[in-house]
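These notes are about the structure you will find just below.
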Amino acid sequence: MPRLILLASSPRVPAGLLSRDAWRALDGADLVLAADVAEDLPLALADDGIAVTPIGRESATERARALVESAGEQETIWLGSADGDPGLSDAIATEVSRLDEGPEVEVLVGSWDVEGGRLLDAVAVMDRLRAPGGCAWVAAQDHASLAPFVLEEAQEVHEALDAVIADPDDPRLREELTDELGDLLFQVLFHARVAADHAPDPFDVDDVAAALVDKLVRRNPHVFADASAGTLEEIEAQWQAIKAQEKAARDSEL
């Protein structure tokens with residue numbers, strides 16, 4: 001039976017990390033199509049010897065018609081675009097419904113987002129805003145101009161938390177807390193991006209994340225090492241003792 005496979009994959013994981021079913025489908029397909037063969041996934045497939053053909057259609061309707069026609073003659077795989085192909089699935093459904101015997105349409109998930117994957121999107125958006133051709137206001141900011149916003153956003157998070165604590169089952173309040181936490185995260189990303197432009201000693205968001213990971217591992221030896229801390233009081237005392245040791249070590253370096 002003619003078949004059209006819509007291969008969905010996450011743009012936030014390496015392009016070649018596809019499921020076993022996805023690789024099997026790609027190996028067995030007669031034709032693999034994509035909107036842009038210069039995107040990461042088509043390039044990764046080409047490196048593995050799988051030819052990817054550009055479809056050369058601009059609108060979702062034109063693209064859907066071409067895919068359905070191709071699948072009527074040969075098993076065809078469509079590599080989902082990085083923008084998610086807005087409107088394409090509806091257009092394909094419309095095209096198939098017009099036919100007496102249309103191809104079978106299958107959505108095959110090739111890879112899933114990892115937890116925290118949307119943080120990569122946030123970093124990419126921050127970079128785009130700060131880069132040449134981005135937002136002039138964002139590009140003009142420095143640590144001094146941004147400092148007041150950190151306090152402002154932290155206060156708004158605190159107020160949103162108070163509201164959620166008072167009424168934890170109100171979805172509107174939880175949505176507001178999500179939004180306020182995002183604003184505070186934006187300040188972290190913003191300062192890290194500003195710091196990346198600083199010479200001679202820049203740092204970036206990866207350095208910030210690495211420092212946090214190192215600190216959490218170091219201060220929780222009852223989780224990541226062989227220390228013993230069975231009660232909340234013991235955990236708190238251990239944390240404070242490690243903090244004091246860190247401060248003493250920093251002071252000795254001055």
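These values consider heavy atoms only, across backbone and side chains, with no hydrogens, waters or symmetry-generated copies. The structure displayed is predicted, hence computed values, not measured ones.
In this structure, the side chains of Leu45 and Leu18 come closer than 4.5 Å at one or more pairs of heavy atoms. Using a 4.5 Å heavy-atom cutoff, the side chains of Val217 and Val223 are not in contact. Here the side chains of Asp21 and Leu108 are in contact, with some heavy-atom distance below 4.5 Å. Side-chain contact between Leu67 and Ile92 is present, with at least one heavy-atom pair separated by less than 4.5 Å. Side-chain atoms of Pro103 and Val68, non-hydrogen and from C-beta on, do get closer than 4.5 Å to each other. Using a 4.5 Å heavy-atom cutoff, the side chains of Val37 and Pro54 are in contact. Looking only at side-chain heavy atoms (C-beta outward), Asn220 and Trp239 come within less than 4.5 Å of each other. For the pair Pro221/Asp226, no side-chain contact is recorded, criterion being any heavy-atom separation below 4.5 Å from C-beta on.
There is a path of hydrophobic side-chain contacts, each under 4.5 Å, that joins Phe190 to Val205. One hydrophobic cluster holds both Leu129 and Leu185 under the rule that ILVMFWY side chains link at heavy-atom gaps under 4.5 Å. The cluster map of Ile, Leu, Val, Met, Phe, Trp and Tyr, joined by side-chain heavy atoms under 4.5 Å apart, puts Val125 and Leu120 in different clusters. In the hydrophobic clustering of ILVMFWY residues, with side-chain heavy atoms under 4.5 Å counting as a link, Ile5 and Leu41 come out together. Put simply, Leu88 and Leu99 are part of the same group of oily side chains (I, L, V, M, F, W, Y) that touch within less than 4.5 Å, one to the next.
Counted within 6.0 Å of CG on Asp100, heavy atoms from surrounding residues, nucleotides or ligands total 12 or fewer; the atom is thus considered open. Summarising the local packing, CD of Glu175 is surrounded by 12 or fewer heavy atoms from other residues, nucleotides or ligands at distances under 6.0 Å. Atom CZ of Arg219 sits in a crowded spot, with more than 12 heavy atoms from other residues, nucleotides or ligands closer than 6.0 Å.
Ion pair Glu246/Arg218 flagged as a salt bridge, since at least one NZ, NE, NH1 or NH2 atom sits closer than 4.0 Å to an Asp/Glu carboxylate oxygen. At a threshold of 4.0 Å, the pair Arg130-Asp127 does not count as salt-bridged, since none of the basic side-chain nitrogens sits closer than that to a carboxylate oxygen. Salt-bridge check for Asp197 with Arg193: passed, with a basic side-chain N closer than 4.0 Å to an acidic carboxylate O.
Between His143 and His191, the two ring planes are parallel [angle under 30°; tilted spans 30° to 60°].
Here Arg174 contributes atom CZ and Asp169 contributes atom CG; the two are 8.0 Å apart, rounded to the nearest 0.5 Å. For the atom pair CE (Met126) and CZ (Phe186), the distance works out to 4.5 Å, reported to the nearest 0.5 Å. In this structure, His158 NE2 and Leu151 CG are separated by 13.0 Å, a value rounded to the nearest 0.5 Å. Residue Arg65 holds its CZ atom at 7.5 Å from OG of Ser59, rounded to the nearest 0.5 Å. The distance from atom CG of Asp162 to atom CG of Leu173, rounded to the nearest 0.5 Å, is 11.0 Å. Distance check, rounded to the nearest 0.5 Å: CD1 of Ile55 to CG of Leu31 gives 8.5 Å.
Within the 3.5 Å criterion, the main-chain N or O of Val164 finds no donor-acceptor partner in the side chain of Asp167. Side-chain atoms of Asp204 come within 3.5 Å of backbone N or O of Asp207 as a donor-acceptor pair. The backbone N or O of Ser10 sits less than 3.5 Å from a side-chain atom of Ser111, completing a donor-acceptor pair.
The nearest pair of heavy atoms linking Ser70 to Leu33 is OG-CD1, 4.3 Å. Of all heavy-atom pairs between Pro202 and Ala196, the closest is CB-O, 3.5 Å. Residues Glu75 and Asp30 share a closest heavy-atom pair of N-OD2, 2.8 Å. Here the shortest heavy-atom pairing between Arg128 and Pro132 reads NH1-O, 4.3 Å. For the residue pair Ser252 and Ala249, the shortest heavy atom distance occurs at OG-O, 2.7 Å. Nearest heavy atom pair, residue Arg63 against residue Ser81, reads NH1-OG, 4.3 Å.
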Go through Arg118 and Asp121 one step at a time and tell me if the salt bridge (charged side-chain N to carboxylate O under 4.0 Å, His left out) criterion holds.
CA-CA 5 Å; Arg118 296 310 299 269; Asp121 292 347; 2.6 Å; yes

Dump the intermediate steps for side-chain hydrogen bond (donor to acceptor under 3.5 Å, both in side chains) on Asp48 and Trp23, then the final yes or no.
CA-CA 10 Å; Asp48 282 300; Trp23 280 112; over 6 Å; no

For a side-chain contact (heavy atoms from CB on, under 4.5 Å) check, start with the C-alpha distance between Phe203 and Val208, then their side-chain angles and the critical distance, and finish with the verdict.
CA-CA 8 Å; Phe203 64 84; Val208 174; 3.9 Å; yes

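Of the N and O atoms on the side chains of Gln238 and Glu234, not one donor lies less than 3.5 Å from an acceptor on the other residue.
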